[in-house]
Each structure stands twice: as structure tokens, then as C-alpha cells.
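Keep in mind the model is a prediction, meaning the values are calculated, not measured. In the text below, chain A, chain B and the rest are named by the order of the sequence lines, each starting its count at 1.
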Amino acid sequence: MDNSATNSEPLVVDLSIPFPTSREAEIAYGTLSVDAEPKRSSVKKTVVHKDNMLHIHFESNDARFLRVSVNTFFDHLGLVVQTMERFGPPRLK
Amino acid sequence: MVIAIGFEGSANKLGIGIMKDGVVLANPRHTYITPPGQGFLPRDTAKHHQAHALDVLQEALDEAKIKPEDIDVICYTKGPGMGAPLVSTAIVARTVAQLWQKPILGVNHCIGHIEMGRLITGADNPTVLYVSGGNTQVIAYLEQRYRIFGETIDIAVGNCLDRFARVLKLSNDPSPGYNIEQLAKKGNKFLELPYAVKGMDVSFSGLLSYIEEKAPGLIESGEYTPEDLCFSLQETVFAMLIEITERAMAHCGSQEVLIVGGVGCNQRLQEMMGIMAEERGAKLYATDDRFCIDNGAMIAQAGWEMFRTGQTTPLQETTCTQRFRTDEVEVTWRS
Ligand SMILES: Nc1ncnc2c1ncn2[C@@H]1O[C@H](COP(=O)(O)OP(=O)(O)OP(=O)(O)O)[C@@H](O)[C@H]1O
Ligand SMILES: [Mg+2]
């Protein structure tokens, strides 16, 4: 863990992702809030959905784990957005 | 009429299949092929699935000639398998389930292999030999469970073949096991290898270390050809599998044997099993690479059976799990 920060204040990343509609933000939330972080990861991740926004908060004392977690999240987010583009729009409830 | 779509991505194959009451409407698949000598790593495999899932999904819908509206249930592989590829595939399944307002269902991969094998071959209550890159199990159905009678105590038989293929630098296209099979057909000089059956279980890791260590010298000296070694490896590991399958059949008084999983498309394994079955007055059931190798239709088929008995998975519970034993699942759809 040489290159990780070891101070008591955790490292934090906050993302805010806008979607065209609130329903799409809700679907992205439904998909992306299910998986726990891998067991060996020290990252705490919380996902919140409000109106057409998705807010993701990452917290860790380990910079590498944090980076992996954020990268993976972007991969997954990209997949959700592409799936919506190709197989949306959301059908009515 | 129930239409189920299945998303499979637990290893290096990304498959999406559509089943309508026991009929395969579509079953496209895209395989991540690594260079000779290399296995597939979780992260790269996940990237492969992410890059191909949506094209394969479109292909499945086009081939089945259905619209999303026609689908009744979305099924995905919950496990067992590699974490990152499983999750990448589940993400597409979760997203379309919400976009299309359809129920979703997490399926055990091994149960998918078994149910697809039963459907395609018509085997009713077989003893099952499930042989793949990640699993080696002898299974029989008893009181709402697929019970494991015997299994590998270390690596799977497919993993053993794949790792030996890496030693020989064989192509991974379409799969290392397939290329071992092609070489084995031309081999005839048998090398005695450690044979490890322990009661109902088998072990392959000692045998693999042995042949991995000996192979380069034996080939270089011209004593054995790569073909001879592939032949010897296949004969030995398949004989071990037949032995434990026969023991389970005797124990259960079974008159049917079904082979499923990727290694199950091996012709020599099917031939050896056929001989054993005939001697017992039993019948062999097997399928080809379309249904033996991981595919989406098998997940749809198992999901179709589960859905029929009223099961669905709440979205928040659509997690994936690397470990998920065959006998953890309550088989609600069989009597
Ligand atoms: N003709 C063949 N002969 C022997 N082995 C084969 C043959 N074709 C494929 N295989 C092997 O089958 C295995 C792949 O099996 P499968 O497609 O069921 O996937 P898997 O990733 O191993 O899945 P799991 O273990 O989760 O069921 C690989 O080890 C491959 O080398
Ligand atoms: Mg499999």
C-alpha cells in the first residue's frame, strides 16, 4: 500500500450524472445500486437518485482501490447509457 | 405461451438466447478468444462482454423475430462464474428489464446446463455428468434438488485440458478443448498418467502437473508427439469421469445418462460414455456445441421453468455470486 494515502481523512470522489428524464435516472439507479463493492476493496460507495440526476459518492483510504472502483463504475454507467440508447425509451409503467 | 430471454456471461462466452415454450427462437453467442498460451482474465473478459452484449442482443431479437413487448421474463446468470463478466452481463439484463417493464430472474448456470440438456435430448430423469471449464460434477435429481454425487476435489476437467493446451500453445479458437480433441484423433502411443479416482470424486491437478512437467522433454526427444499426449490425456481423464458416472448410476439404479457442459461436446467422451451405458443397458443423451458450450438459451430455459412455478427476483436482489452450488437451488418445477 506504498502509494496510497494513509491519513485518517478518507479520499472522496463525488459524481453527479444527469439523464434526459427522471425515469431514466431511476432505471440507472435500479441497475447500478445492486452490486456490492468487491470484498477485498475498501471502497464505500453510495448511489442516490433524485429527479433526473444520479449522485454517486465513493470513499476510501486507498487511492488504488478508489480508482479501480470509479473506473469500473464508469464502464458500467456507459453500458447502461448505451443500452438505453439502443433498447429504450422506457416503456410506460 | 411464455417467452423467456436468457443472458449468459459467466466465463469467456457472451450468449443471449430466446426460448418460447421449449422452442429455441434464437441463441447467438460471441466468444472472447485469447492468443495461444494465454487464459482469459476477468477484467478483459468483462470488457469483451460490455463491447458485444448489445449487438448480440439485437441479433437475438432479429433472429427470433420478436419485439421486446413479446418477452415475458428476463433471465440472467447469477453464478457461479467470474465476478466482473457476470456483473457486466447482468447490468444489461437489469437495464432492459426496467426499460421494457418485465420481471427478472437470476438463474444458476449449472441448472441452465442441466435443463437445456434435458430439453434438447428428451432425457427424463438422467444421471448427469456436468463437465466444463469451471465444473466437474456427477449429479442426480432427488426430492427437489440436483444432488452432487461426485465431483472434482481440485480443478475442473475442462480447466485441465485448457491448461495443457496452453503448454502446447494450441489455439483457443473455438476452444482449447476442441483443439486437443482434434490432435488426440491422430495420437496412438499411450503414455501412462496418474489416475486419481477417490470414491465418488476425481482429482486432476496431480495429473496436470505430471504431464505439464514431462511434455516438453517427451516431445523434444521424439518419444511422444503432441498428438500422443493429447490422446493419452483424454483417455485418462475421460476414463476417470466414466468410472464415477457409472458408480453414481449403479447407486441410483439409473437407466439414463446425460452429458452437459463444454467438455460434453467431445466425441470421444460421448463414445466412451456410450459404451459404458450400453453395457449397463442404459441410454446415453448428449448434445452438440450449440447447447453444450455456454449459451443464452440454457439460461432462458432454466428461467422459463422457474418462472412457470411463480418465481421472479426483486430488482434489488439481482446480484451475482462467484460461488453458487448446483444443490443450493430448490427445483420447484420437477415432481
Ligand atoms: N470438443 C471439446 N472437447 C473437450 N473440451 C471441450 C471441447 N469443446 C469445448 N471444450 C471445453 O469446454 C470448456 C468450456 O465449457 P463451457 O462452455 O460450459 O464454459 P465454462 O466457461 O467452463 O462454464 P462453467 O464451468 O461455468 O459451466 C472449456 O474448458 C473448453 O476447452
Ligand atoms: Mg458452462
Side-chain angles (χ1 to χ4, degrees), chain A residues 15 17-49 51-54 56 58 64-93, chain B residues 5 7 9 14 16 42-62 66-71 74 76 78-79 82-102 104 106 313-323:
Chain A
L15 299 173
I17 319 280
F19 284 81
T21 63
S22 151
R23 175 66 187 137
E24 279 155 302
E26 185 187 21
I27 291 175
Y29 171 82
T31 296
L32 296 169
S33 60
V34 173
D35 304 299
E37 289 295 298
K39 281 207 191 68
R40 59 194 145 67
S41 165
S42 62
V43 178
K44 271 195 287 178
K45 185 178 88 190
T46 48
V47 187
V48 180
H49 140 248
D51 302 327
N52 72 324
M53 299 295 289
L54 200 61
I56 310 93
F58 300 83
R64 279 178 309 167
F65 278 133
L66 191 62
R67 181 165 48 85
V68 169
S69 180
V70 172
N71 281 343
T72 301
F73 181 81
F74 272 114
D75 287 345
H76 292 174
L77 176 70
L79 188 56
V80 170
V81 170
Q82 282 179 47
T83 307
M84 287 176 173
E85 284 168 2
R86 288 186 62 176
F87 297 97
R91 310 305 194 258
L92 294 175
K93 274 209 175 176
Chain B
I5 185 167
F7 290 75
L14 185 279
I16 301 177
R43 208 181 135 70
D44 301 332
T45 309
K47 290 269 185 196
H48 168 271
H49 292 2
Q50 290 165 19
H52 294 279
L54 302 181
D55 288 340
V56 176
L57 174 55
Q58 190 61 58
E59 198 182 331
L61 292 170
D62 291 347
I66 62 160
K67 293 188 292 299
E69 286 67 28
D70 304 326
I71 295 170
I74 313 276
Y76 75 98
K78 184 178 181 66
M82 292 171 125
L86 279 169
V87 169
S88 294
T89 312
I91 279 176
V92 177
R94 284 177 205 146
T95 305
V96 295
Q98 294 179 88
L99 285 172
W100 302 340
Q101 296 285 337
K102 304 293 178 186
I104 186 166
T313 309
L315 183 66
Q316 281 305 312
E317 290 168 27
T318 57
T319 49
C320 298
T321 168
Q322 299 191 25
R323 309 214 178 288

Q: Would you give the length of the straight line joining atom CD1 of Ile91(B) to atom CG of Asp35(A), rounded to the nearest 0.5 angstrom?
A: 6.0 Å
(Q) Can you give me the closest heavy-atom contact between Gln316(B) and Tyr29(A), atom names plus distance? (A) NE2-CE2, 4.4 Å
Q. With chain B, which of Glu24(A), His76(A), Gln82(A) has the greatest number of heavy-atom pairs at distances under 4.5 Å?
A. His76(A)
Q) Minimum heavy-atom separation for Trp100(B) to Phe87(A), with atom names? A) NE1-O, 3.0 Å
Q: With a 4.5 angstrom heavy-atom cut-off, could you sort out which part of Glu69(B) is near chain A: side chain, backbone, both or neither?
A: side chain
Q | Interface moiety of Pro89(A) toward chain B, non-hydrogen atoms closer than 4.5 Å | A | backbone
Q: Locate the shortest heavy-atom distance separating Val96(B) from Thr83(A); write the atom from each residue and the value.
A: CG1-CG2, 3.6 Å
**Q.** Pairing residues for Phe73(A) by the ring pair (Phe, Tyr, Trp, His ring centres under 6.0 Å) criterion, not counting sequence neighbours
**A.** Phe58(A)
Q: Return the minimal non-hydrogen interatomic distance between Gln101(B) and Arg91(A), and the atom names on each side.
A: NE2-O, 3.6 Å
Q. Any idea which of Leu32(A), Leu79(A), Thr72(A), Val80(A) has the most non-hydrogen atom pairs under 4.5 angstrom with chain B?
A. Leu79(A)
**Q.** side-chain contact (heavy atoms from CB on, under 4.5 Å) between Asp75(A) and Lys47(B), intermediate numbers included
**A.** CA-CA 8 Å; Asp75(A) 287 345; Lys47(B) 290 269 185 196; 3.0 Å; yes
Q) Taking only residues two or more places apart in sequence or in another chain, which ones pass ring pair (Phe, Tyr, Trp, His ring centres under 6.0 Å) with His48(B)? A) His30(B), Tyr32(B), His52(B)
Q | Approximate separation, where rounding is to 0.5 Å, of Leu54(B) CG and Arg86(A) CZ | A | 5.5 Å
